[in-house]
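Report on the structure given below.
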Amino acid sequence: MRKITVKKYMTKKATPEFDFMATRNNNVPMPLRTMIIDEQTKETPGMIYVKAHGDVVGETMQYCLCCGIKITNPVSQYFGMGPKCGCHNYVNPFDTEEELREAVKKYRTEVLQKMTWEGWIIKSAIIEDEEI
């Protein structure tokens, strides 16, 4: 498996100036900027076709999976999303660290890992490509 991070335009629908999503992916953009590649089935000189899902690799993330902005808050780092993208508070809403970890685990399995996408990615849009 690989973890990739793409440029923001891969998470946007087609525009008159840039119709890639409409012509290649039925206008269905990637739901997150950082995703786990489960399978790469096709490749051209400039693109790859993948099946991917969302997930946090490791215990914490330093950058938001959705928008790519650096995450500074420890609670947000556990979720892999900043408070705006993840719709959560800056503070630990639980009584213990263990309760927080359990909530994060549930979020990862019930939300992130079920967030799937299949389509073409422009190779030049890939910012980071890491084997995991």
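Here, residue 1 is the first one in the sequence, and each next residue gets the next number.
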Which pair of non-hydrogen atoms, one from [X] and one from [Y], has the smallest distance, and what is that distance?
X     : Y      : answer
Asn73 : Val75  : OD1-N, 2.9 Å
Tyr9  : Ala125 : OH-CB, 3.2 Å
Pro31 : Thr116 : CG-O, 4.4 Å

Looking at [atom1] of [X] and [atom2] of [Y], how far apart are the two atoms once the value is rounded to the nearest 0.5 Å?
X      : Y      : atom1 : atom2 : result
Met81  : Thr34  : CE    : OG1   : 9.5 Å
Thr109 : Lys114 : OG1   : NZ    : 7.0 Å
Thr5   : Met61  : OG1   : CE    : 6.5 Å
Ile121 : Met10  : CD1   : CE    : 5.5 Å
Gln62  : Thr72  : CD    : OG1   : 10.0 Å

**Q.** ILVMFWY network linking Val6 to Ile69, side-chain heavy atoms under 4.5 angstrom
**A.**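 Val6 and Ile69: separate clusters.
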**Q.** Cluster check Leu112, Leu100: I/L/V/M/F/W/Y, side chain < 4.5 angstrom
**A.**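 The answer is yes; both residues are in one hydrophobic cluster.
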If the condition is salt bridge (Lys or Arg N to Asp or Glu O under 4.0 Å), which residues does [X] pass it with, not counting sequence neighbours?
X      : result
Glu59  : Arg101
Arg24  : none
Glu43  : Lys123
Glu118 : none

Q: Hey, could you give me each pair passing salt bridge (Lys or Arg N to Asp or Glu O under 4.0 Å) that has a residue in residues 67-87? Not counting sequence neighbours.
A: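 Sorted pair list comes back empty.
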(Q) Tell me which pairs pass salt bridge (Lys or Arg N to Asp or Glu O under 4.0 Å) where either residue lies in residues 4-23, with sequence neighbours left out. (A)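 Checked against salt bridge (Lys or Arg N to Asp or Glu O under 4.0 Å) - neighbours excluded - no pair reaches residues 4-23.
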Q | Residue list, side chain to side chain donor-acceptor pair (under 3.5 Å) with Asp38, at least two apart or on another chain | A |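 Partners of Asp38 by the side chain to side chain donor-acceptor pair (under 3.5 Å) criterion, ordered by chain and then number, come out as His53.
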Q | side chain to side chain donor-acceptor pair (under 3.5 Å) involving Glu39 - partner list, sequence neighbours excluded | A |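 Partners of Glu39 by the side chain to side chain donor-acceptor pair (under 3.5 Å) criterion come out as none, since no residue qualifies.
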Q. Looking at residues at least two apart in the chain, or sitting in another chain, which of them share a side chain to side chain contact (heavy atoms under 4.5 Å, CB included) with Ile71?
A.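 Ile71 satisfies side chain to side chain contact (heavy atoms under 4.5 Å, CB included) with Cys64, Ser76, Gln77 once adjacent residues are dropped.
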Q | Partners passing side chain to side chain contact (heavy atoms under 4.5 Å, CB included) against Lys42 (at least two apart in sequence or in another chain) | A |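 For Lys42, the residues satisfying side chain to side chain contact (heavy atoms under 4.5 Å, CB included) (neighbours in sequence not counted) are Tyr49, Trp120.
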Q. Should the heavy atoms of other residues, nucleotides or ligands under 6.0 Å from CD1 of Ile127 be counted, would the total exceed 12?
A.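 Yes, enclosed.
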Do [X] and [Y] have side chains that approach each other closer than 4.5 Å (heavy atoms only, starting at C-beta)?
X      : Y      : answer
Met35  : Val50  : no
Phe20  : Ile122 : yes
Ile37  : Ile48  : no
Lys105 : Glu102 : yes

Q.
Between Asn26 and Val28 (side chain of the first, backbone of the second, donor and acceptor by atom type, cut-off under 3.5 Å), is there such a pair?
A.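 Not confirmed, Asn26 side chain does not pair with Val28 backbone.
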Q.
Taking Cys66's backbone N and O only, do any of them form a donor-acceptor pair with Arg33's side chain (distance below 3.5 Å, no angle check)?
A.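 Flag not set: sc Arg33 to bb Cys66 has no pair under 3.5 Å.
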**Q.** With Trp117 via ring-ring contact (aromatic ring centres under 6.0 Å, His included) - residues at least two apart
**A.**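 Per chain and number, Trp117 pairs via ring-ring contact (aromatic ring centres under 6.0 Å, His included) with no residue.
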Q) Among all residues two or more places apart in sequence or in another chain, which pass the ring-ring contact (aromatic ring centres under 6.0 Å, His included) test with Tyr107? A)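 Expected list: Phe79.
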Q: Using side-chain contact (heavy atoms from CB on, under 4.5 Å) as the criterion, point out the one residue from Ile36, Val56, Asp55 that pairs with Lys3.
A: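 Per the side-chain contact (heavy atoms from CB on, under 4.5 Å) rule, the option paired with Lys3 is Ile36, out of Ile36, Val56, Asp55.
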